2 protein chains.
Amino acid sequence: MKMNEGVEWAMHSCVNLSWIPGRAVTAKHLAAFYDLPTAYLNKQLQALARAGILTSTSGPKGGFQLARDPERISLLDIVVAIDGAEDAFRCREILKDGPGADPKADYVQICQISQAMRGAELTYRRELAGRTIAEIADRVVGANPAAPENVRRRFDNLKS
Amino acid sequence: MKMNEGVEWAMHSCVNLSWIPGRAVTAKHLAAFYDLPTAYLNKQLQALARAGILTSTSGPKGGFQLARDPERISLLDIVVAIDGAEDAFRCREILKDGPGADPKADYVQICQISQAMRGAELTYRRELAGRTIAEIADRVVGANPAAPENVRRRFDNLKS
DNA sequence: GAATCATTACTCGGATAGTAGATGTCCGAGTCTTTCAGG
DNA sequence: CCTGAAAGACTCGGACATCTACTATCCGAGTAATGATTC
């Protein structure tokens, strides 16, 4: 089980975008920041845009920016946007193929194993839903107060 | 992100094995129970044996059985045995490729995103670690008291 | 000099290859059972 | 009748294909800026 690597890129990019409000930043610049493959990062940013986390504008002076306040963007939002909403553990209802099974019963709900796994994933998602981009950004500032200014300067330099 | 499908099979098989103590059950019989591909289930059972969850014996009258009490087999044990111990989210330390990074700093520990994701996975694993095969089996019995006897009879019939 | 229009350059967007990991299958090594020969 | 060994059959175990989905890339559609042209 391995999560889509783009999730990490997307989260870092969102934190950086939270420090550059009101301006569109191109995928190329966001990729250059961490030396990531531009086209592939662009794909992830597209997914965020489809999910309503970012807004995108085409053409010169175009790019991406946060679609809403970073306080209202949770880590779960990003994971769902890029990795999909489906659970990692997917009950195939193998009990249905067992002896004495009821063909029309919903074994996803009945099966104790399915319940336990779904319960664990629920706590996982709840945890991620409680963490926001704003909170992450704040903690980064706590460790390194110059971070936002450094990011802004960096993107300004890339502009020239 | 999709978990190895064999995890589901392995958990169901362990529950069934908990109702047939002291006797080896072949992969073929365990597979027939839910109409699963024998060779592939065998592969998963091997992984459980390597992890010390099952014991395996070769030859006629051979097969698999639980290596310890079902109270001491957690769902996490099975997930780790089959799906691996590595986290789903793997910090690639992309901050290291960012501007002004310290090449010898441990960004897995520093990075706030990495911390948040690891924290969420930790709660997930803690949840699974708290659930045992015995508990699952008990709940199944609660809903269907005849289940263990049905399973035993089923395997006896396959014997003949 | 101002306005309009065509050009141009730049960006996102989705369609298209390449690759790693999961899924599925097969045959060999080892072992227990069974059988048969000998004492 | 008992003992021992050899043959046989059954099971796990790991090595070998296949297939899905993640990773990576490329080119086209659309858009805003820009410059030239005309009034």
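Quick note on labels: first sequence line is chain A, next is B, and so on, each numbered from 1. Predicted model only: the values in this text are computed from it and were never measured.
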Undergrad: What's the spacing between A/Ile113 CD1 and B/Ile78 CD1 if we round to 0.5 Å?
TA: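 Going from CD1 on A/Ile113 over to CD1 on B/Ile78, the span is 7.5 Å.
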Undergrad: In whole Å, I'd like the distance from the CE atom of B/Met3 to the C1' atom of D/dT20.
TA: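 It is 18 Å, rounded to the nearest whole Å.
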Undergrad: Please state how far atom CG in A/Asn4 lies from atom C1' in D/dT20, giving the value in whole angstrom units.
TA: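 Whole-Å distance recorded here is 15 Å.
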Undergrad: Measure the distance from CZ on A/Phe64 to P on C/dT11 and round it to the nearest whole Å.
TA: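 It works out to 11 Å between those atoms.
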Undergrad: Is there a donor-acceptor contact under 3.5 Å linking the side chains of B/Asp87 and B/Tyr124?
TA: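 No, no side-chain donor-acceptor contact under 3.5 Å.
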Undergrad: Under 3.5 Å, is there a donor on one side chain and an acceptor on the other for A/Ser74 and A/Asp77?
TA: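 Checked: A/Ser74/A/Asp77 side chains pair up, N/O donor to acceptor below 3.5 Å.
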Undergrad: Mind checking if B/Gly6 touches a base, just sugar-phosphate, or nothing, with heavy atoms under 4.0 Å?
TA: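 Touches nothing.
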Undergrad: Here's a test of your reading of the structure: between A/Ala39 and A/Pro60, which maps to the more 5' nucleotide of DNA chain D?
TA: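 Per heavy-atom nearest nucleotide, the more 5' residue is A/Ala39.
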Undergrad: List in numerical order all residues of residues 40-54 of chain A for which some heavy atom is under 4.0 Å away from an atom belonging to DNA chain D.
TA: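 When residues 40-54 of chain A is checked for heavy atoms under 4.0 Å from DNA chain D, the hits, listed by number, are A/Tyr40, A/Lys43.
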Undergrad: Considering just the side-chain nitrogens and oxygens of A/Ser56, establish if one lies under 4.0 Å of OP1 or OP2 belonging to C/dT11.
TA: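 No, because none of the side-chain N or O atoms of A/Ser56 sits under 4.0 Å from OP1 or OP2 of C/dT11.
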Undergrad: On DNA chain D, nearest-nucleotide positions of B/Ser58 versus A/Thr38: which is more 5'?
TA: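 Its nucleotide being nearer the 5' end, the pick is B/Ser58.
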Undergrad: Could you measure the distance from the NZ atom of A/Lys2 to the CE atom of B/Met1? Nearest 0.5 Å is fine.
TA: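 Separation between the atoms: 11.5 Å.
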Undergrad: How long is the gap from CD on B/Glu127 to CE on A/Met117, to the nearest 0.5 Å?
TA: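 Output value for this atom pair is 11.0 Å.
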Undergrad: Calculate the interatomic distance between B/Arg90 atom CZ and C/dG21 atom P; express it in whole Å.
TA: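 The answer, rounded to whole Å, is 8 Å.
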Undergrad: Check whether A/Val141 and A/Met11 end up in the same hydrophobic cluster, where Ile, Leu, Val, Met, Phe, Trp and Tyr are linked by side-chain heavy atoms less than 4.5 Å apart.
TA: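 Yes: a chain of side-chain contacts under 4.5 Å links A/Val141 to A/Met11.
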